[in-house]
S.K.: 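Take this structure first; my questions come after.
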Amino acid sequence: MQVSPCSDRPILVPCSLNNFEHQIDPYVGCGHYCYYCYALNQAETDWAKEIGMHHDLVKQLGRELEKIEPQKIYLGYYTDPYQPSEVEYRQTRKVLMLLLEKGFSASILTKSNLVVRDLDLLQKMDDAAVSVSVAFNDNHVRQKFEAHTIDTEKRIEALRQLRNAGIRTSALICPVIPYITNVIPLIDQLAPYTDVIWVYGLSMQDPSDQNWQNVKNILNRHFPELKKRIETVIFSKDHSYWTQLRHELQMIQKKRQLNLNIHV
Ligand code: SF4
């Protein structure tokens, strides 16, 4: 993976999520290279080969943070802060150190257990939170859709460690791929280690989008018998597949008093 300095731009940017005013993406691009990733449609580089990095992150972010009051900052909106390059470049750790030093806190979304490395910093923050995203029950299937992520079980183990260490935890089951992602067993695995589980279905907007081209190739190659059915569902938000899944999730939410946030 080539890691190049990205063009000058703000590091601290407004966040559109409820409860967050600002977000930081320590990298520009994401080496996890999930083939279904929506952000691939606007990628500035080919993430399979090259990602960008703010070359003077600490100085620049230090200046940007001085302009706002201490608050909780969201990490992981466009790219994963614990993607493979973080092992070497430690950009996310630098961000967290700076946030801690200046009295800020962080809410992180990741697909990696590398986040556990930074427990020492997260524990010192006021109410830091980590959310882990999973989408596959079978790791052989996961490898077909996500080029460089780790096993689902390792992510769940990270959630267990974070929770035991007193960090607020949640999970995303995202994206639910129709006829491939079996949601209920994932909920069973995640529920003991999370306060809330968010469920999002895979949805495609435009057949010319890069992420659909990627997914289509995977389906043609590995799931030809399911391809037509999956295609129909993910291009139709009102498909009965989603209605039925939503109903099933609402039932188990009520029956088991689970804190589910259902977006299918
Ligand atoms: S980890 Fe997230 S941002 Fe990175 S490629 Fe996968 S879906 Fe996209």
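Indexing begins at 1, ligand by ligand and atom by atom, following the structure's order. Numbers here are sequence positions counted from 1.
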S.K.: Of all the non-hydrogen atoms in the protein, which one sits nearest to atom 5 (S) of ligand 1, and at what distance?
M.R.: Cys34 N, 3.3 Å
S.K.: How about Phe145 and Phe136: are their ring centres within less than 6.0 Å of each other?
M.R.: yes
S.K.: Starting from atom 3 (S) of ligand 1, find the nearest protein heavy-atom neighbour and note its residue, name and distance.
M.R.: Tyr78 O, 3.4 Å
S.K.: Indicate, with yes or no, if the rings of His263 and Tyr200 have centres closer together than 6.0 Å.
M.R.: yes
S.K.: Given that the side chain starts at C-beta and the backbone is N, CA, C, O, which of these parts of Tyr38 lies under 4.0 Å from ligand 1, counting heavy atoms, or is it both or neither?
M.R.: neither
S.K.: If the cut-off is 4.0 Å to any non-hydrogen atom of Lys111, which atoms of ligand 1 fall inside it?
M.R.: 1 (S), 2 (Fe), 6 (Fe), 7 (S)
S.K.: Taking atom 1 (S) of ligand 1 as the point of reference, which of Gln83, Glu146, His32 owns the nearest heavy atom?
M.R.: His32
S.K.: Please confirm whether the backbone N or O of Asn41 pairs with a side-chain atom of Asp209, one donor and one acceptor, at under 3.5 Å?
M.R.: no
S.K.: Are Trp212 and Phe235 an aromatic pair by the rule of ring centers under 6.0 Å?
M.R.: yes
S.K.: Do the side chains of Arg93 and Asp118 get close enough for a salt bridge, i.e. N-O under 4.0 angstrom?
M.R.: yes
S.K.: Could you tell me the residue and atom name of the protein heavy atom closest to atom 8 (Fe) of ligand 1, and the distance to it rounded to 0.1 Å?
M.R.: Cys37 SG, 2.3 Å
S.K.: If you define the side chain from C-beta out and look only at heavy atoms, does anything of Thr232 sit under 4.5 Å from Tyr241?
M.R.: no
S.K.: Of all the atoms in ligand 1, which lie at a distance below 4.0 Å from a heavy atom belonging to Thr79?
M.R.: 3 (S)
S.K.: With a cut-off of 2.8 Å, does Cys30 place any N/O/S atom under that distance from atom 4 (Fe) of ligand 1?
M.R.: yes
